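Below is one structure; the comments refer to it alone.
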Amino acid sequence: MDPDFTTEELKYLTLLSEQYPTEQDVCTEIINLKAILNLPKGTEHFMSDLHGEYAAFTHILNNCSGVIREKVDLLFGDRLPEAQRSEICTLIYYPERKLKLVKQAGGDLDEWYRITLLQLIEIAQLVSSKYTRSKVRKAMPEDFRYIMDELLHNEGREDDNQRHYHNQILDTIISIQNAGEFIIALTVLIKRLAVDRLHIVGDIFDRGPRPDSIMDMLMRHHSVDIQWGNHDILWMGAAAGSEACMATVVKNSVNHRCLDMLESGYGISLRPLTLFARDVYTECPTVHEAVHKAIAVILFKLEGQVIRRHPEYDMDGRLLLDKIQWKEKTVQSGGEIYPLKTIQFPTIDPADPYALSPQEREIMDGLAECFRQSVRLHEHVSFLYAVGNLYKCFNQNLLFHGCIPMNEDGSFTKVKVGGEWVSGKALMDAFEKVARQAYFSRNEEGHQEYCDAMYYLWCGRNSPLFGKERITTFERMFVEDKAAHAEPKNPYYTLYKEKETCEKILREFGLTTEFSHIINGHVPVKVGKGESPIKAGGKLIVIDGGFCRAYQKTTGIAGYTLIYNSRGMRIVSHQPFQGLESALEDNIDIESHSELFETEVSRVMVMDTDIGNELSDRVYDLSRLLAAYRGGLLAPHSKNG
């Protein structure tokens, strides 16, 4: 045996030879892979804390945080007025709806089709320029793949025959009334190529009206990963069977008036809860307030049961129902006594305050059955597990939603998970394992433990997704004194302003290059108070700037997104979305401001990325296979055996 090849390597190369049976097959693939390695890296698009804001999310996803407008301005800035460029952008964002308006306006539709097709082809050629022809072809909608391939790849060297050929293709498309469909297909291709990878850094759910519609869009996206946020894990816990998570999901939906999403979107019926609340909480001025109070009391009982089952959670401070002084009308919280707004809690038994009443038990049984049987919910949650993680290392960046729990001295907090004390990366890995066990072991022994852990991930004092000392839901509902509402943050949120802290965290996850960053969500950046999303000298970027309408008064903007392409990183701040009608009829885009905060010294190529590392390994393996063929250690063979 050739000493340069081990027995194990030859076994692997024998398997590889099944895929590349001849020397020429190997050579062709090496040439192809090395060509890919020398292309510019694809554009990455980062979004966070979407919180159900479907309309704004759709627009920013469609305009790729301004990337589409940049390309249109680059091509047509000197040729077309701003109004026409905006018209092209809106068409790319909302092709079906825009085409309908164009048809209603009348005029020479065939001429408009011809001009528009030529413009879209030119844009598609620009955004496809940094990809291989094979990748571009795969991104094309299947029905139009051959025609698009012909029109896009003329390489700018058309002679008269080619020009006549391409004009004939366009004439035929228009004459057979297929131009609308072809325009839609081109816009799909443009958006797919403008952004190579979408990262959602947590919190798709709660507050806004249609997180379910956002999930539908993400499931159709060509390349997406998700880092779970605390609001996502809450819904995942509810789908897994945690009653405390279910009650919290319902309470949040009632509080933010997202009942249509809960009932129509996921089939979670609130009728039994509504009838119960109306009959029992008669002091509430509206049915909505009665329902909110009813589910809140159920929640406080259920979370009390979780906390009592798990003294290791160190959450006894959240056991408040047994701290109510009924005669004094007060409650003890955080060592202080606070007056209560009301002591009208007819279902709470002071002798056993955390026990559900028979009616409450019946309501929870019904809700649990609804969560168990919701096909659409389980489709969405299965997708969250399939493409999601607690954190992700990608192209030398660390993505996570909340925090890495830390102590005041900068050390990583040790937390007991699954019987072991873990911290830093090990803590994140342990909690992710628990989150997966909660959903995928629903019929196994010990399932309750995993479900309880999902509730801890939602609001536990050392949960990396929560990142606060305590959750004060009870106090915010029933205590007037705002001092009781405080939720002190984990020391991480002070320490992460220091470059040394961020570098320590990055090293913990094996990221040591000078171009490594932490990309974070969860805590809105208060732009109106002068806070910057870029911290620690550029090592950490917070991209929660108030996507959710409820936060926009605090943040002063309507969200941040991040763009990372081959030339550098830039953060984009957005103003509130004016609405679909304004976008369609007046071509009004979301007003955005882009700030380039890190420019690469040389353009980042595919070889510099995680995918590039995988391809380089593949090239090495293929070069070894080629050497084995040429050295006679393995015999090339026919593809047909």
Side-chain angles (χ1 to χ4, degrees), residues 42-43 45 58-64 67-72 74-76 84-105 108-156 158 162-163 165-198 216-224 580 583-584 587:
T43 297
H45 190 189
T58 301
H59 193 84
I60 291 177
L61 186 68
N62 283 337
N63 78 5
C64 307
V67 171
I68 297 294
R69 180 165 287 274
E70 287 179 359
K71 303 300 184 186
V72 170
L74 178 65
L75 283 173
F76 304 114
Q84 288 186 31
R85 300 199 305 275
S86 294
E87 183 93 12
I88 295 170
C89 289
T90 306
L91 176 65
I92 295 171
Y93 305 159
Y94 307 102
E96 293 93 344
R97 290 186 172 97
K98 194 63 179 176
L99 281 167
K100 185 177 180 180
L101 291 177
V102 170
K103 291 176 183 177
Q104 289 172 352
D108 188 347
L109 200 56
D110 285 357
E111 182 61 18
W112 183 87
Y113 279 144
R114 174 173 288 281
I115 293 170
T116 302
L117 284 167
L118 289 170
Q119 291 168 339
L120 293 177
I121 289 168
E122 197 170 347
I123 297 167
Q125 287 173 328
L126 176 63
V127 296
S128 67
S129 61
K130 63 179 180 180
Y131 300 112
T132 64
R133 187 164 177 172
S134 173
K135 180 163 183 171
V136 173
R137 190 181 296 113
K138 289 175 183 176
M140 294 172 178
E142 188 174 356
D143 290 346
F144 294 99
R145 189 166 292 163
Y146 172 77
I147 301 171
M148 284 186 178
D149 196 36
E150 289 293 303
L151 292 173
L152 261 60
H153 294 100
N154 57 60
E155 312 300 337
E158 286 189 291
Q162 289 174 316
R163 194 172 295 110
Y165 169 60
H166 289 150
N167 285 336
Q168 284 297 312
I169 291 176
L170 295 180
D171 288 343
T172 303
I173 290 171
I174 295 168
S175 67
I176 64 174
Q177 299 182 351
N178 201 214
E181 290 78 4
F182 194 66
I183 284 171
I184 292 169
L186 278 170
T187 65
V188 169
L189 177 65
I190 289 166
K191 285 180 283 194
R192 283 182 181 175
L193 296 178
V195 167
D196 190 50
R197 182 87 171 201
L198 174 65
D216 287 339
M217 287 193 70
L218 292 176
M219 289 178 70
R220 294 192 297 268
H221 198 274
H222 62 281
S223 179
V224 62
L580 183 58
L584 288 170
N587 302 310

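These figures come from a predicted structure and were not determined experimentally. For the numbers below, each heavy atom of this structure counts, side chains included, while hydrogens, waters and symmetry mates do not.
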Nearest-0.5 Å distance that lies between atom [atom1] in [X] and atom [atom2] in [Y]:
X: I190; Y: I123; atom1: CD1; atom2: CD1; result: 5.0 Å
X: L120; Y: I115; atom1: CG; atom2: CD1; result: 12.0 Å
X: L74; Y: L126; atom1: CG; atom2: CG; result: 6.0 Å
X: L186; Y: T116; atom1: CG; atom2: OG1; result: 10.5 Å
X: I68; Y: N62; atom1: CD1; atom2: CG; result: 8.5 Å
X: Y94; Y: L101; atom1: OH; atom2: CG; result: 12.5 Å

Who are the side-chain contact (heavy atoms from CB on, under 4.5 Å) partners of [X], not counting sequence neighbours?
X: K135; answer: Y131, T132, D196
X: Q168; answer: H164, D171
X: Q177; answer: none
X: E142; answer: R145

Step by step, work out the side chain to side chain contact (heavy atoms under 4.5 Å, CB included) result for S128 and R133. CA-CA 8 Å; S128 67; R133 187 164 177 172; over 6 Å; no
Residue list, side chain to side chain donor-acceptor pair (under 3.5 Å) with [X], at least two apart or on another chain:
X: D216; answer: R376, H380
X: E122; answer: R79
X: T43; answer: K130
X: K71; answer: none

For R137, check salt bridge (charged side-chain N to carboxylate O under 4.0 Å, His left out) against everything at least two apart and list the hits.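 Salt bridge (charged side-chain N to carboxylate O under 4.0 Å, His left out) list for R137, sorted by chain: D149.
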For [X] and [Y], which heavy atoms make the closest approach, and how far apart are they?
X: T172; Y: S175; value: O-OG, 3.1 Å
X: V127; Y: A194; value: CB-N, 4.5 Å
X: T58; Y: M217; value: OG1-SD, 3.4 Å
X: V195; Y: L198; value: CG1-N, 4.3 Å
X: I184; Y: P95; value: CG1-CB, 3.9 Å
X: A185; Y: P141; value: O-CG, 3.6 Å

So, H59 side chain and Y93 main chain: donor-acceptor pair closer than 3.5 Å or not? no
Can you list every salt bridge (charged side-chain N to carboxylate O under 4.0 Å, His left out) pair that touches residues 172-193, not counting sequence neighbours?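 For residues 172-193: none.
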Could you work out, with ring-ring contact (aromatic ring centres under 6.0 Å, His included) as the rule, every residue matching Y113, not counting sequence neighbours?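 Residues passing ring-ring contact (aromatic ring centres under 6.0 Å, His included) with Y113: none at all.
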Carefully, step by step, assess Y165 and E150 under the rule side chain to side chain contact (heavy atoms under 4.5 Å, CB included). CA-CA 10 Å; Y165 169 60; E150 289 293 303; 2.9 Å; yes
Apply side chain to side chain contact (heavy atoms under 4.5 Å, CB included) to residues M140 and V136 and explain how you reach the verdict. CA-CA 6 Å; M140 294 172 178; V136 173; 3.7 Å; yes
